[in-house]
Amino acid sequence: MNNHVEKPWGGRFSEPTDAFVEAFTASVTFDKRLYAHDIAGSIAHATMLAKVGVLTEVERDAIIDGLQAIKAEIEAGEFEWSIAREDVHMNIEARLIERIGDVGKKLHTGRSRNDQVATDIRLYLRDELAAIVNELTRLQTALVVLAEAEADTIMPGFTHLQTAQPVTFGHHLLAWFEMLKRDHGRLTDCAARLNMLPLGAAALAGTSYPIDREFSAGLLGFDGVCENSLDAVSDRDFAIEFVADAALLMMHLSRFSEELVIWASAQFNFIELGDSFCTGSSIMPQKKNPDVPELIRGKTGRVNGHLVALLTLMKGQPLAYNKDNQEDKEPLFDTVDTLRACLRVFADMIPAITPRRDNMREAARSGFSTATDLADYLVRKGVPFRDAHEVVGKAVALGVKEDCDLADMTLAQLQPFSDHIDTDVFDVLTLDGSVAARNHMGGTAPAQVRAACARARQWLQERLQERLQEN
Ligand code: ARG
């Protein structure tokens, strides 16, 4: 990087920037990732300036050609980024002037880096949000496919991580689908709210040139313009909102990961994770470690941290732009990278799960998971629920003592607990009877799982249509 460059703002300065201060204040090492959005914003700005007569068409075309050539240079890896030129904006502008001469100096008319960077980040995040939502729906689709295949598979459902009642594996998987559906709503909501153009706010007060902000907004695909120039340059709500949505989504992925880790353990052995998503141990030859879900669980922490960082970054800032805002980028970029990668690997990992159906059923069978069904059975025979609860508790105590599940007890063993118990009790003590009985919207019955999968497919289809319409 070249460190001996004249500053575009050098006019009022008589001493050069301290070398360490130069590096300390520069952001180009990380904000260069905004280059494509910066160039798109500049092209729109130059086009608008020509439309309102501030630039000639010849000047506009020279600027646009120059910017496109610079984009090609960057993408070919031939662009020399300079710390002395501070950030992505001044690197590109300085290079433009090198390439096309004095006309390049006209690009920054009626604009400031303050509205420029605010525009760049919105454009960047808008693109990333589209890619993230795409990965999210890929994961949701994988979940529905697995849930459909496992609509009849019985596993223990848990509260307090203790066996509670039998549920179907498909039903359990669709709980994750519901969470991701809410995440989907939050992210698309965030994308809609951020789609307003800050450009035109200039440094903070607007500009005296006869700009046409609506025109620039249209060129860049924004739905409208930010309505107050001070707010336009200082607002980073969209970044905080995105990172908050990401933190929530990561929390969901983390909980899901935790379940995968538990289920893949030798003690549970409910699922086998695909070999390509696990690693071995360098010392213990038998190990197959669930690294991918563990890492996702771990990465959730850094996204939470980024949310706190951004909230704290903004909380003390007076209007309008302050250099503090430069610190918005690394947390935002890392959140985007982390979330995208986690969603991608999760979507790939789900189809590589092999359910161990026999083990799940066995675990549900041996955990007194139909105790509530026995109580409900007694209630149907006229026993008040609290008394029924007491009766079944005693039966379970016997089962614990004799190491025998309720479903495996004989009528002779059960009848001493209540003379309401008859041979029809075995209909409700079976796992299949138990799950099939919960046959209402939101219940775990296989029929309900299939209906929920159909609704989920319909929802995915509608979202796909929406995305196609937008493009
Ligand atoms: N690199 C700066 C940032 O990311 C660009 C805006 C600089 N504006 C200024 N007035 N120094 O925030």
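Counting starts at 1 for both ligands and their atoms, in listed order. No hydrogens, no waters, no symmetry mates; every other heavy atom, side chains included, goes into these values.
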Problem set entry | Arg33 to Tyr124 six-membered ring, cation-pi geometry met (6.0 Å, 45°) | no
For this session: Heavy-atom cut-off of under 4.0 Å around ligand 1: list whichever protein residues fall inside it, by chain and number.
Result: Ser27, Asp31, Asp87, His89, Arg113, Asn114, Val117, Tyr321, Gln326, Lys329
Exercise. Is there a donor-acceptor pair under 3.5 Å between the side chain of Asp115 and the backbone N or O of Ser112?
Worked result: yes
Problem set entry | Sidechain-backbone polar pair: Glu59 side chain, Thr56 backbone, donor-acceptor under 3.5 Å | yes
Problem set entry | Residues which pass side chain to side chain donor-acceptor pair (under 3.5 Å) with Asp237, listed by chain and number, not counting sequence neighbours | none
Problem set entry | Minimum heavy-atom distance between Asp245 and Leu187, given as atom pair plus value | CB-CD2, 3.7 Å
Exercise. With a 3.5 Å cut-off and no angle check, do the side chains of Lys323 and Gln326 form a donor-acceptor pair?
Worked result: yes
